[in-house]
Every structure is written in C-alpha cells, then in structure tokens.
**Q** 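Provided herewith is a single structure, encoded as structure tokens, for subsequent inquiry.
Below, each value reflects all heavy atoms present in this structure, side chains not excepted, and no hydrogens, waters or symmetry copies.
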Amino acid sequence: MHRYAKLAVAPTALALLLSACGGQEPAPQPTTPAAAPSGDTDVKADVKIVSCDANAWTQDAAIEVTNSDSAPWKYVVGLTIKDSSGTTSEARFVKNRVEPGQVIKESIPGDTPLKGEVTCAVSEAKRLPPQ
C-alpha cells in the first residue's frame with residue numbers, strides 16, 4: 001500500500017469510530033416531577049391547635065406539633081388569631097429539633113391585645129433542617 005494511502009485510511013477509520021459512538025441521542029428525561037423531599041409534605045397536618053383563648057393582656061394558643069416524618073426536623077409554625085371585629089394578632093412557635101414521632105406541646109402568646117372571643121388558625125408551617 002502506498003504510504004499516502006495509509007495516512008488517508010487512518011483519519012477515515014477514526015471518523016467512523018467517533019460517529020458510531022457519538023451518534024446516539026441522549027435518553028429523554030422524564031416529564032413527571034421528582035418526588036418531593038420528605039420535608040416538603042403538608043406540614044400543617046403536623047400541627048394541632050388544642051386551645052385558643054383571650055385573656056386581659058394577650059391570647060394564649062396551645063398547640064401540639066407531631067413530627068410525622070421519618071427524619072428529625074426544625075419546625076416553624078405561625079398562627080393567626082382573630083377577634084370578632086376582624087382584628088388580628090400573630091403567634092410564633094419554633095423548635096430547633098423534633099425527632100420522628102415526637103410530640104411537642106407548647107403554649108404561645110399572641111403579639112397584639114384582642115378583645116372578646118378569638119379564633120386561631122395555622123397560617124404557616126415549615127420544616128427546615130434541624131439544628
């Protein structure tokens with residue numbers, strides 16, 4: 001074989017090899033969203049309002065927080081407290097580490113004086129990495 005012919009065969013063979021390896025298209029990515037991490041489930045289901053009462057100065061809301069997940073989490077819970085006139089007060093609960101299955105009972109005060117009967121609702125509930 002002529003020496004120039006050998007040089008022409010090598011690049012052609014290399015080109016064929018590379019095109020055979022790289023000719024496949026990547027597999028399509030699934031269109032369904034990935035499963036949500038366990039910390040992103042409906043955390044409000046883990047919060048139960050036990051009582052909600054007004055006193056002379058503020059409100060007392062008693063809650064139970066149950067970690068229904070299999071991992072420990074930091075819980076942040078916000079309550080909105082309303083009186084019959086629609087005036088609102090806020091109450092906040094933070095616990096840095098709640099173990100799986102653990103139940104935390106806490107009484108938390110509102111931040112604004114309200115008069116008369118009050119109602120409480122969970123306005124925010126989050127799980128964050130424990131500290």
**Q** Show your reasoning for whether side chain to side chain contact (heavy atoms under 4.5 Å, CB included) applies to R127 and D46.
**A** CA-CA 10 Å; R127 284 188 190 138; D46 286 358; 2.6 Å; yes

**Q** Is it true that a side-chain atom of S89 and a backbone atom of T112 form a donor plus acceptor pair closer than 3.5 Å?
**A**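 Present.
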
**Q** Check for a donor-acceptor pair, side chain of D60 on one end and backbone N or O of D53 on the other, with a separation under 3.5 Å.
**A**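 Checking the backbone N and O of D53 against the side chain of D60, no donor-acceptor pair under 3.5 Å is found.
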
**Q** Step by step, work out the side chain to side chain contact (heavy atoms under 4.5 Å, CB included) result for L114 and Q59.
**A** CA-CA 7 Å; L114 300 176; Q59 311 80 45; 3.4 Å; yes

**Q** Between F93 and I104, does the side chain to side chain contact (heavy atoms under 4.5 Å, CB included) criterion hold? Intermediate values first, please.
**A** CA-CA 11 Å; F93 166 85; I104 304 292; 3.9 Å; yes

**Q** Grab the two heavy atoms, one from K44 and one from S123, that are nearest each other, plus how far apart they are.
**A**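 That closest heavy-atom pairing would be NZ-O, 3.9 Å.
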
**Q** Is it the case that one hydrophobic cluster holds both L128 and V94, taking links as side-chain heavy atoms less than 4.5 Å apart, direct or via other members?
**A**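 Linked within one cluster.
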
**Q** What's the shortest heavy-atom distance between A61 and C120, and which atoms?
**A**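 For A61 versus C120, the nearest heavy atoms are CB-SG, 4.1 Å.
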
**Q** Out of curiosity, does V122 fall in the hydrophobic cluster containing V118 (side-chain heavy atoms, cut-off under 4.5 Å, transitive links)?
**A**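 Cluster IDs for V118 and V122 differ.
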
**Q** Going through the checks in order, is the side chain to side chain contact (heavy atoms under 4.5 Å, CB included) test met by E64 and V47?
**A** CA-CA 6 Å; E64 286 183 4; V47 180; over 6 Å; no

**Q** Does atom CD of E99 have more than 12 heavy-atom neighbours from other groups under 6.0 Å away?
**A**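 Yes, CD of E99 has more than 12 neighbouring heavy atoms, counting only those of other groups under 6.0 Å.
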
**Q** Heavy atoms only: give me the nearest Y75-T66 pair and the separation to one decimal.
**A**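 Closest pair (atom of Y75, atom of T66, distance): OH-O, 3.8 Å.
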
**Q** Which heavy atom of P109 sits nearest a heavy atom of A91, and at what distance?
**A**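 Reported closest heavy-atom pair: O-CB, 3.4 Å.
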
**Q** Shortest non-hydrogen contact from K74 to Q131?
**A**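 Nearest pair, atom of K74 first, then Q131: NZ-NE2, 3.5 Å.
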
**Q** Rounded to the nearest 0.5 Å, how far apart are CD of Q102 and CG of N67?
**A**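 Atom-to-atom, Q102:CD and N67:CG are 8.0 Å apart.
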
**Q** Any side-chain heavy atom of K82 within less than 4.5 Å of one from T87?
**A**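 K82 does not reach T87 side chain to side chain.
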
**Q** Side chain of T58, backbone of G110: donor and acceptor closer than 3.5 Å?
**A**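 Checked: pair present.
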
**Q** For residues I63 and I81: do they belong to one hydrophobic cluster (side chain heavy atoms under 4.5 Å, members Ile, Leu, Val, Met, Phe, Trp, Tyr)?
**A**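 Hydrophobic grouping puts I63 apart from I81.
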
**Q** Would you mind checking if K126 and E124 are paired as a salt bridge, meaning a charged N to carboxylate O distance below 4.0 Å?
**A**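 Yes.
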
